[in-house]
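What follows is a set of notes on a single structure, which appears directly below.
Every number for a ligand or one of its atoms is a count from 1 in the order of the listing.
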Amino acid sequence: MQHGLSVPIKGVLNKLSIKDLDIKGKRVFIRVDFNVPLDENLNITDDRRIRSSLPTINYAIDEGSRIIIASHLGRPKGRIDKRYTLASVSRRLQRLIKKEVTFLPDCVGPEVEAAVGRMSDGDIILLENLRFHAGEEENDEEFSRALARLADYYVNDAFGTAHRRHASIVGITKFLPSAAGFLLQKEIDYLQGVVNHPIRPFVAILGGAKVSGKIDVIRNLEDKVDKVIVGGGMAYTFLKAMGYNVGDSLVEDDMLDLANEIREAVASRGIKFYLPVDCVIAQSIEPGAETKLVTTQEIPHGWKAVDIGPASVKLFSEALESAKTILWNGPMGVFEVDAFSRGTFAIAHAVADAYALTIVGGGDTDLAVSRAGVSESISFISAGGGAALELLEGRELPGLMALTDK
Ligand code: AMP
């Protein structure tokens, strides 16, 4: 059953949208994030990133434009490296849109320009990996200009890369009218919406490895959130700062004072702050390691917390009951190891069952939700780890800022 409310709370997008452009018969350069995981035989193991840009691509097809699609894949470091070719992505895209996709062996240069010159309305070209050229990550002006020469309009649908100041994200926008694609727009609507105008009560669940990675998110949400739930590795820095003995759990010692300051600042605003009350501990994070369940007050020396325990799951789940908006970023434990995944999966179910607008974003929480089998019951799952985190921290995304104002 679908529990997550699906009414978006809108962020403000005062930039051109693809819908504002008259793209019929025009050459449209669509920057997507097709940075998909590949196995050792270069087969795609998860095509969600391709599927998430289909609304934009299909819209451009329906409008009868000439579509030039560009992406990066992996980190070829400015050199041609066939392990990172987009050839298999091209085949998958063709299958998904049921239309011929012409895959070009490069992304700039006279041959690419000639191929683009031969396009008819409705034709689709996929360019080879942008990062085969050093100019991409250097945001090089000449490279940006060479990309811009291929098109009349630029559309950014690469939310996962929108925090990068690269040529195909920022540089190119100097030379073309530049608009947001539907994926970029949707991500902004949800993530900026939840940060700026959450429907309250608003509960933020934060987990993952380190406090340092999430401090700015807590700070940015401080005056909008009603409850903050902290799990995962970062909880043990807070607990140690409160004087608990956390054994060998992950702790950032240089963050102890800051952890106390944050907890006190949050409490002084009347925000409820939840930490785990029990945890699964192990001596190593190897699969098959012996585990014990203890309260967070009795983690012995030589043992580390690897997951939250059932009492914490109950405490956190009850805290979610009245929520109208839930934002979740970061797993509750080392969920990659089966034996330590129970707490994360239980929270995934609690979030999915909540009668609230539920937003999962940043880091690998999307993977946790998918492994827990509840993706369908979450209102919105962000496609962009790093970019989502930056939005939640209240930072401006270079790729969004660079688009043409409305
Ligand atoms: P992040 O990218 O900061 O969201 O961190 C995600 C990572 O945090 C995952 O790979 C988890 O394995 C790890 N993690 C979660 N809980 C713990 C923990 N208690 N101890 C160590 N690592 C953890």
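- Applying the ring-ring contact (aromatic ring centres under 6.0 Å, His included) test to Tyr59 and every residue at least two apart in sequence or in another chain returns Phe182.
- Of all atoms in ligand 1, numbered sequentially from 1 with element shown, those under 4.0 Å from a heavy atom of Gly232 are 16 (N), 19 (N).
- An N or O contact shorter than 3.5 Å links Ala209 to ligand 1 by distance.
- If you look at Asp364 next to ligand 1, the close heavy atoms, those under 4.0 Å, all belong to the side chain.
- Ligand-side atoms of ligand 1 in range of Ala305: 18 (C), 19 (N), 20 (N), range being under 4.0 angstrom from any heavy atom.
- Atom CD of Glu111 is surrounded by 12 or fewer heavy atoms from other residues, nucleotides or ligands within 6.0 Å.
- Asp257 CG: 12 or fewer foreign heavy atoms inside a 6.0 Å radius.
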(request) Evaluate the criterion side-chain contact (heavy atoms from CB on, under 4.5 Å) for residue pair Arg48 and Ser370; output intermediate values, then yes/no. (result) CA-CA 11 Å; Arg48 267 181 299 175; Ser370 145; 4.2 Å; yes
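- With a 4.0 Å cut-off on non-hydrogen atoms, Lys214 touches ligand 1 through its side chain and not its backbone.
- Taking 4.0 Å as the cut-off, Gly333 counts as a neighbour of ligand 1 on heavy-atom distance.
- Looking at Asp307 next to ligand 1, no N or O pair under 3.5 Å apart turns up.
- Counting heavy atoms of neighbouring residues, nucleotides and ligands inside a 6.0 Å radius, atom NZ of Lys186 does not exceed 12 of them.
- Enclosure of atom NZ in Lys210 is not indicated, since only 12 or fewer non-hydrogen atoms of other residues, nucleotides or ligands lie within 6.0 angstrom.
- Geometrically, ligand 1 and Gly233 share a nitrogen or oxygen pair separated by less than 3.5 Å.
- For the ring pair (Phe, Tyr, Trp, His ring centres under 6.0 Å) condition, no pair includes a residue of residues 304-323, sequence neighbours left out.
- At a 4.0 Å heavy-atom cut-off, ligand 1 does not touch Met234 at all.
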